[in-house]
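Encoded as structure tokens, the structure appears first; notes follow it.
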Amino acid sequence: MSKYITTPIYYVNGEAHIGHAYTTFIADTIARYERLKGEETFFLTGTDEHGQKIEESAKKAGKPTQEFADEISATFKNLWDEFGISYDKFIRTTDEAHKQGVQKAFLKMFEKGDIYKGEYEGHYCVSCEAFFPETQLVDGEFCPDCGRSTTVVQEESYFFKLSNYEQKLLEYYETHPDFILPKSRANEVINFVKGGLRDLSVTRTSFSWGVPLPKEINDPKHVMYVWLDALLNYVTALGYGQDDESLMEKFWPADIHLVGKDILRFHAIYWPAFLMSLELPLPKHIAAHGWWTRDGEKMSKSKGNVVNPKEVADAYGVENLRYFMLREVPFGQDGDFSQRAFIDRINSDLSNDLGNLLNRIIGMSGKYSDFVIDSKDVTTYHKEQLDALNAVIDTLDSFIQTVQPHRYLEELWKLFAIGNGTIQEAEPWVKMKNGQKDEALATVALVANILAKAALLLSPVMPNTARKIADALSISIDSQTFERLVVQKGLLETFTIEKIPPLFPKIEEPLLPEAPQAQPNTQAKSEQKEQPKEEDNLIEIGQFFETSLKVGTVVEAQEVPKSKKLLKLQVDLGEEEPRQIVAGIKEFYSPESLLNTQVCVVANLKPAKLMGIVSQGMLLAAKDADGLCLIRPEKPKQAGTPIG
Ligand code: ME8
């Protein structure tokens with residue numbers, strides 16, 4: 001069987017940051033895992049280089065557009081090379097072969113009658129490279145996705161008959177419940193389609209940095225809409241519309257398009273509609289991950305808090321970074337990058353659980369058997385542990401197939417818990433003293449087997465680290481060994497373990513400067529001083545219950561344009577409709593990081609207007625000199641659950 005895994009192609013308007021690295025790490029992990037299983041795998045990444053945004057960025061940089069695109073594209077490619085990303089092809093949308101494929105696709109849709117010429121009048125967000133109908137704009141002007149100002153565009157345009165595909169798409173989602181992963185994200189896509197699809201403008205005349213229309217159409221004023229051009233990369237990379245389409249035959253349809261949630265709509269609505277029009281099969285999964293923030297704040301160049309993946313990798317090691325990012329955040333949810341959390345993961349999971357286990361058996365086998373490890377008595381003395389670890393191993397594949405790398409690692413770590421637990425229980429050092437040498441050596445061999453299987457299974461996430469463990473255990477990381485030790489559940493042959501230096505030295509202090517801190521809030525301090533002393537201000541319990549406090553779930557979050565402090569939220573309180581709440585938390589939370597999280601709400605406040613927007617409640621939060629944090633229930637509770 002063959003497997004085809006892709007990342008988005010990244011815009012060349014700025015260098016890679018931690019979010020790009022995250023998507024690429026997950027895709028690389030899946031590709032490596034499939035190769036290890038012996039699947040023929042094609043892993044695609046690359047850069048998206050056309051469109052108004054790139055043209056404008058190049059102008060700002062004072063460079064010819066192609067030269068600018070060449071430079072930034074190279075920074076992505078070099079970074080992935082430095083990180084050892086195992087891509088099979090790095091596509092650029094300025095590649096001639098890609099442009100040829102895109103023109104072929106356009107012509108096919110045109111000849112079929114799915115593309116027609118008309119007049120476009122609407123609102124365009126250059127940053128998102130997306131059109132929005134007036135009804136979707138915030139305050140009649142701002143982009144509903146990024147909050148930036150949109151511009152009114154009126155021009156002749158070719159349209160794709162997206163409206164024709166509304167029903168077909170809905171049927172497809174219905175019959176393919178795993179198309180969108182995690183499944184919890186499918187509803188937002190389905191609701192969007194159910195809300196009605198308008199035909200999509202797929203050409204522009206107001207700038208020229210794009211793929212020209214096919215010469216058969218003979219309309220040189222137009223260039224293609226950047227998303228049509230970009231999405232087609234997934235098939236042009238396999239030779240679509242070019243002379244040799246053998247890769248297309250082997251690898252299409254894609255198994256997984258990995259994307260961030262910001263571009264799910266493009267991949268789960270436009271892309272399948274284009275493919276239906278081209279009469280090509282649809283990808284098996286679109287897997288959308290969440291958004292990374294830094295120390296709870298949205299990353300932005302102006303705040304100077306963007307995490308540079310190269311700096312982090314140089315300080316802590318790229319494989320530690322891969323492990324942290326994949327393990328820390330449940331796939332699909334937003335994640336926060338903090339050095340504290342990162343260091344805790346390295347020290348506790350890698351250094352304690354894994355590193356110490358390896359050191360212990362190197363030490364024990366050195367003392368008990370001159371480093372020779374023999375599995376001959378493992379089944380006799382440790383049948384129960386072998387069954388337990390095989391049961392864990394059997395669950396792992398499903399976590400890759402359903403794109404849950406955090407669950408994969410969480411379960412994999414159970415193997416080390418079995419190893420550490422067995423040593424503690426079996427006390428091989430006591431057995432050695434009591435003359436039960438076979439039993440003591442069987443425990444050491446059990447743990448060596450655990451480490452060997454775990455090294456194979458960890459290798460897609462931490463390839464070099466896993467190789468070092470494998471070297472010490474005299475095995476190689478390849479499909480045959482994977483088949484023998486993991487799939488067939490075989491045991492290691494007799495070998496001499498190699499003494500290697502600790503793989504994960506403990507990290508005591510952050511190795512990078514901390515993100516710029518929020519300024520101490522002097523106003524908050526003086527407000528605190530003026531509060532009456534608690535004992536002077538005692539209330540009856542009934543007075544407390546006059547306040548209705550409830551748990552709510554944030555179902556929508558947007559910036560309030562032109563406001564530095566305010567976010568507009570829709571909070572589900574278990575009532576007929578979500579409540580609109582305007583909260584002064586924008587400096588501390590990005591709208592994305594709040595989505596689907598829970599908050600505590602004062603639910604019986606009189607409605608108030610903030611910047612002209614009605615607010616029907618207040619969020620509970622704590623603020624000190626270090627900043628503000630929301631008060632949330634410790635465990636998820638049903639929306640509307642009363643607090644008190
Ligand atoms: O959208 N957290 O390119 P792009 C998590 N060219 N992931 C993040 C992130 C963050 N803070 N920031 C970026 C484009 N990403 C189009 C794609 S595909 C046919 C065309 C990741 O450079 C995430 O994967 O804006 C997101 O989807 C992608 O970068 C957007 O990259």
Side-chain angles (χ1 to χ4, degrees), residues 5-28 44-54 57 69 72-73 75-76 79-80 90-94 98 101-102 105 125-130 145-146 148 185 210-211 224-237 254 256-272 274-275 283 286-301 303 305-309 325-326 328-337 403 589-593 595:
I5 322 287
T6 68
T7 72
I9 45 172
Y10 303 113
Y11 283 131
V12 290
N13 64 327
E15 289 184 14
H17 69 64
I18 204 85
H20 302 115
Y22 178 58
T23 323
T24 309
F25 289 157
I26 300 177
D28 185 58
L44 175 70
T45 190
T47 42
D48 187 356
E49 306 187 12
H50 290 127
Q52 197 171 349
K53 178 155 70 176
I54 310 299
S57 301
I72 309 264
S73 177
T75 64
F76 275 93
L79 185 69
W80 302 152
F90 186 99
I91 192 169
R92 301 182 55 187
T93 53
T94 49
H98 167 76
V102 170
C125 172
V126 176
S127 175
C128 296
E129 297 278 18
D145 281 354
C146 73
R148 291 186 177 84
R185 286 226 167 269
V211 182
M224 271 180 233
Y225 173 44
V226 63
W227 271 102
L228 174 62
D229 161 8
L231 287 162
L232 282 162
N233 93 89
Y234 299 130
V235 290
T236 61
I256 300 171
H257 289 317
L258 207 74
V259 297
K261 65 180 183 182
D262 54 324
I263 55 173
L264 174 61
R265 198 192 310 155
F266 296 94
H267 282 79
I269 301 174
Y270 297 175
W271 181 224
F274 295 155
L275 286 166
I286 312 286
H289 63 68
W291 214 238
W292 280 88
T293 52
R294 178 174 198 179
D295 299 312
E297 291 196 52
K298 192 172 178 169
M299 282 181 251
S300 81
K301 280 191 191 142
K303 273 194 206 145
N305 68 345
V306 173
V307 184
N308 177 333
M325 296 196 91
L326 266 59
E328 185 73 4
V329 180
F331 184 88
Q333 289 182 23
D334 293 340
D336 188 50
F337 187 94
V403 195
Y589 290 91
S590 66
E592 294 85 357
S593 70
L595 257 194

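For ligands, and for the atoms within them, numbers begin at 1 and follow the listed sequence. The analysis underlying the following values was restricted to heavy atoms, covering all of them including side chains, and did not include hydrogens, waters or symmetry mates.
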Could you list which atoms of ligand 1 come closer than 4.0 Å to a heavy atom of Gly290?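 Result: 5 (C).
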Starting from [atom], find the nearest protein heavy-atom neighbour and note its residue, name and distance.
atom                    : answer
atom 28 (C) of ligand 1 : Tyr10 CE2, 4.0 Å
atom 7 (N) of ligand 1  : His289 CE1, 3.2 Å
atom 29 (O) of ligand 1 : His20 CD2, 3.2 Å
atom 12 (N) of ligand 1 : His17 CE1, 3.0 Å
atom 14 (C) of ligand 1 : Tyr11 CE1, 3.4 Å
atom 2 (N) of ligand 1  : Trp292 N, 2.9 Å
atom 9 (C) of ligand 1  : Trp291 CH2, 3.3 Å
atom 15 (N) of ligand 1 : Gly19 C, 3.7 Å

Does Ala288 come within less than 4.0 Å of ligand 1, judged by its heavy atoms?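 It does not, in that no heavy atom of Ala288 comes within the 4.0 Å cut-off of ligand 1.
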Using heavy atoms and a 4.0 Å limit, tell me yes or no: is Trp227 in contact with ligand 1?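 The answer is yes, since Trp227 has a heavy atom less than 4.0 Å from ligand 1.
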Would you please test Asp229 and His98 for side chain to side chain contact (heavy atoms under 4.5 Å, CB included) and show each step? CA-CA 9 Å; Asp229 161 8; His98 167 76; 2.7 Å; yes
Between [X] and ligand 1, which residue portion shows a heavy-atom distance shorter than 4.0 Å: side chain, backbone, both, or neither?
X      : value
His267 : side chain
Tyr22  : neither
Tyr234 : side chain

Contact (N/O only, under 3.5 Å) between [X] and ligand 1:
X      : result
Ile263 : no
Asn233 : no
Ala230 : no
Thr23  : yes
Asp262 : yes
Asp48  : yes

Between Lys261 (side chain) and Glu592 (backbone), is there a donor-acceptor pair under 3.5 Å?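 Yes, the answer is positive, given that a donor and an acceptor are paired below the 3.5 Å cut-off.
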Using modelled atom types and a 3.5 Å cut-off, is there a donor and acceptor pairing between side-chain atoms of Glu129 and backbone atoms of Lys53?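 Side chain of Glu129 to backbone of Lys53: a pair is present.
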Determine the sole option in Phe25, Phe76, Trp292 for which the ring-ring contact (aromatic ring centres under 6.0 Å, His included) test with His20 is passed.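 Checked Phe25, Phe76, Trp292 against His20; only one passes ring-ring contact (aromatic ring centres under 6.0 Å, His included): Phe76.
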With Tyr270 via side-chain hydrogen bond (donor to acceptor under 3.5 Å, both in side chains) - residues at least two apart: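 side-chain hydrogen bond (donor to acceptor under 3.5 Å, both in side chains) list for Tyr270, sorted by chain: empty.
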Which is it for Tyr234 and His267 under the ring pair (Phe, Tyr, Trp, His ring centres under 6.0 Å) test, yes or no, and what are the steps along the way? CA-CA 11 Å; Tyr234 299 130; His267 282 79; 5.5 Å; yes
Quick one: sort the Phe331 and His289 rings into parallel, tilted or perpendicular, breaks at 30° and 60°.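 Plane angle over 60°, so perpendicular.
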With ring pair (Phe, Tyr, Trp, His ring centres under 6.0 Å) as the criterion, how do Trp80 and Phe90 come out once you've worked through the C-alpha distance, each side chain's angles and the decisive distance to 0.1 Å? CA-CA 10 Å; Trp80 302 152; Phe90 186 99; 8.3 Å; no
Check Glu49 with Arg92, please: is the shortest side-chain N to carboxylate O separation under 4.0 Å?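 Salt bridge between Arg92 and Glu49, a charged N being under 4.0 Å from a carboxylate O: yes.
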How close do Thr23 and Thr7 get, counting heavy atoms only, and between which atoms?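 Heavy atoms only, the tightest pair is O-CG2, 4.4 Å.
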Rounded distance (nearest 0.5 Å) linking atom CH2 of Trp227 with atom CG of Asp48: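 Rounded to the nearest 0.5 Å, the CH2-CG separation comes to 7.0 Å.
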Give a yes-or-no answer on whether the side chains of Ser57 and Tyr11 include a donor-acceptor pair shorter than 3.5 Å.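 Absent: no donor and acceptor within the cut-off.
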